[in-house]
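Here the structure comes first, spelled out in structure tokens, and everything after it is commentary.
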Number of protein chains: 2
Amino acid sequence: MSRSPNDTRRPLTLRDVSEASGVSEMTVSRVLRNRGDVSEATREKVLEAARTLGYVPNKIAGALASQRVNLVGVIIPSLSNLVFPEVLSGISAVLEDTGLQPVVGVTDYSPEKEERVLYEMLSWRPSGVIIAGLEHSAGSRAMLENAGVPVVEIMDVDGPGVDAVVGISHRRAGRQMAEAIVAAGYRKIGFLGTKMPEDHRARKRLEGFNEGLAQAGITLTDTEFYSGGSALLKGREMTEAMLARTPDIDFLYYSNDMIGAGGLIYCLEKGLDVPGQLGLAGFNGVELLAGLPRQLATMDACRREIGSKAAEIVAARAANPGPGGEIIELEPVIQRGDTIR
Amino acid sequence: MSRSPNDTRRPLTLRDVSEASGVSEMTVSRVLRNRGDVSEATREKVLEAARTLGYVPNKIAGALASQRVNLVGVIIPSLSNLVFPEVLSGISAVLEDTGLQPVVGVTDYSPEKEERVLYEMLSWRPSGVIIAGLEHSAGSRAMLENAGVPVVEIMDVDGPGVDAVVGISHRRAGRQMAEAIVAAGYRKIGFLGTKMPEDHRARKRLEGFNEGLAQAGITLTDTEFYSGGSALLKGREMTEAMLARTPDIDFLYYSNDMIGAGGLIYCLEKGLDVPGQLGLAGFNGVELLAGLPRQLATMDACRREIGSKAAEIVAARAANPGPGGEIIELEPVIQRGDTIR
DNA sequence: ATGAAAGCGCTAACAC
DNA sequence: GTGTTAGCGCTTTCAT
């Protein structure tokens, strides 16, 4: 590949394009951003010069000068959870045609890391922030309150938000599932979930679930928690353990579909009568379930829609600032599948 | 929450901290970056002022002035592939303690989108770029060549790279799997994969697989391709279709573990004799497989290690520029599992 | 150990 | 339709 005149490795600037095209920097800038009136002739000249030089604009300088950054910070606990990539894709799809760009930060469910990631993001002065959850450290909360840009807290509506909130009520989701299970006649019910105090949404689902059971005068018969490892495998193991410990249990409520799927596979393998003798349910409505031999009962967490609504709020307010404080509660629906009788 | 003196929504600047602490902007800057000698007393004053004001530095201005950006662009085809989040976590883990930050861009396997994402990233003048694959549009390749920062192409080593390359040989991986299958005595072999011309690594695996078979005088008995939808479900459906069409087939090679897992579940459900009558193998070594009743034969794609090696190269060269052009080929290993006799 | 001046590469605002 | 000027908020460099 032959080297262009600019053979020193110095990055190209507007000035280089300006000189190469014989047009002022300002006009070059206008052409490159499609702003203001530029004659077709100059336009051509400039684009030609930019292309042959291989000029890539410096957004850092542009952002500093214009006080505008087309970035939206998206802060989520994990990428390996399957749920968050889906939220992300909802966000991306909407931002795609707004000129805004998502930038992802991952917290690993750690409030300290969330605070660091948030600080890092805000120091780039993004046009908005989308952040998972309502629970944040005092420092994070202060930063969000003072960010001076739209903030959308997603996934969860059970609690007060800093600004806009888009999500579902996990408490209610848990309650509804409890009601459905009780209505189906199950009475000895076990819960299997993650040992993660920082997963507030799973915690709220369990609280709601207990409330729902309590309403029918029932309490959980057994519980089992795990942390780390392959969720599918853990689901198997926990199910095996619980069935061994509490043989007469008649329903297993899993805090997520992956461990639920592991449990389902185990039960089918053992030839257990599902849903006759033993009912099963998970949470999330992940696509994976469609490939299993039996459809696990679950509840759609509206992941993509949460992403797209959140992105819409940010995009709308980036375009013209409003008062903020939007609250959007989505309604998850129980998918009974084949594992509740 | 009470408002601080700065009640106009103007973002805080170094100057605000400087005034609040009675110290020059320069010294404030030094304190905030831990650079140069600052007396403990001033240090305290400054930090105190910054904290109470809630000052967040403006990295845009900082980057412009210092010509240094602690960002590393990471460009991958997809987040829902399970493989890429693992690569990412390898990258993050290494960058964590280097002061560099990964910024992710997703291409959806589209060269045009890759070019746009790359352009966008380079316009932020990152300290390095990690990009999946060796195949890029002419435009992308030109940008990579002229970026003036370390570029690491990952996942694949079958072809020439722009700068550094970290990955495995998918062609060889396919060949090795073919050899193992033939050695186990299977002869009527089917391939099931994605209908994605843009997935060059899957294509190379298939090419290598065919080469491996050809060496034993065998050609593929049947093939089946899919696109979109739940991979697990597609694996089921394709397996069903192929077994119906070619009942005497004795081995199914899947282009990835998700469809392989779907196929395995289907076969077990139908009570087929795996691996006696019918052998199965996938590719990737995803964690999910551990939860299945039978272990699918597969090949570890070294995802996390690819990520960490790539990050190490970028970090090393960000610290002190070298000649570049590192080539690291990792060696995937066949995991025979329970589905090859 | 601290401060002053210059300037990073671009765009807003205003001429012409 | 095009050019000029000033300055975005920091850091570099040099002075003290």
Nearest-angstrom distance from the residue atom CE of A/M26 to P of D/dG7: 16 Å
Check: B/V74 and B/V103 side chains under 4.5 Å, non-hydrogen atoms: no
query: Do the charged groups of A/E112 and A/R116 touch, with an N to O distance under 4.0 Å?
result: no
query: Of the nucleotides D/dT11, D/dT2, D/dC10, which one has an atom closest to the side chain of B/N58?
result: D/dC10
- prompt: What nucleotide, of D/dT12, C/dG7, D/dT2, holds the atom closest to the side chain of B/A65?
  reply: C/dG7
query: CG of B/N34 versus C1' of D/dT11: gap in Å, rounded?
result: 15 Å
Value in whole Å for how far the P atom of C/dG7 lies from CZ of A/R15: 12 Å
- request: Could you check how far OH of B/Y55 sits from C1' of D/dG9, rounded to whole Å?
  value: 8 Å
field: Interatomic distance where CD1 belongs to A/I60 and P belongs to D/dC10 [whole Å]
entry: 14 Å
task: Using the side-chain contact (heavy atoms from CB on, under 4.5 Å) rule, pick out the option among B/I130, B/V152, B/D156 that qualifies with B/V166.
output: B/V152
task: Using heavy atoms to find the nearest nucleotide of DNA chain D for A/T42 and A/Q67 separately, return the residue whose nucleotide is more 5′.
output: A/T42
query: Hey, is the side chain of B/S24 poking within less than 4.0 Å of OP1 or OP2 on C/dA4, counting only N and O atoms?
result: no
query: So which nucleotide from D/dT2, C/dG9, C/dT2 ends up closest to the side chain of B/T27?
result: C/dT2
- prompt: Under the 3.5 Å rule, do the base of D/dG3 and the side chain of A/R30 count as making a donor-acceptor pair?
  reply: yes
field: Integer-rounded Å distance: D/dC10 P and B/N70 CG
entry: 15 Å
query: In whole angstrom, what separates A/E25's CD from D/dA6's P?
result: 15 Å
field: B/S29 side chain near B/R33 side chain, heavy-atom distance below 4.5 Å
entry: yes
message: Taking any heavy-atom pair under 4.0 Å as a contact, classify B/R35: base, sugar-phosphate, or nothing.
response: nothing
message: Rounded to whole Å, please give me the gap between CZ in A/R10 and P in C/dC8.
response: 11 Å
- request: Have a look at B/E305 and tell me which of B/V87, B/L330, B/I328 forms a side-chain contact (heavy atoms from CB on, under 4.5 Å) with it.
  value: B/L330
- request: Would you kindly compare A/G62 and B/R43 by the position of their nearest DNA chain C nucleotide and give the one closer to the 5′ end?
  value: B/R43
query: Would you say D/dT11 has OP1 or OP2 under 4.0 Å from some side-chain N or O of B/S29?
result: yes
- prompt: In a check of side-chain contact (heavy atoms from CB on, under 4.5 Å) between A/V129 and each of A/D163, A/L144, A/V162, A/V314, which one passes?
  reply: A/L144
field: Proximal nucleotide (of D/dG1, D/dC8, D/dC10) relative to the A/D37 side chain
entry: D/dG1
field: A/S66 vs C/dT11: side-chain N/O to OP1/OP2 distance below 4.0 Å
entry: no
task: Indicate whether OP1 or OP2 belonging to C/dT11 is found under 4.0 Å from a side-chain N or O atom of A/R68.
output: no
task: Among the candidates C/dT11, C/dT2, D/dG3, find the nucleotide nearest to the side-chain atoms of A/L14.
output: C/dT11
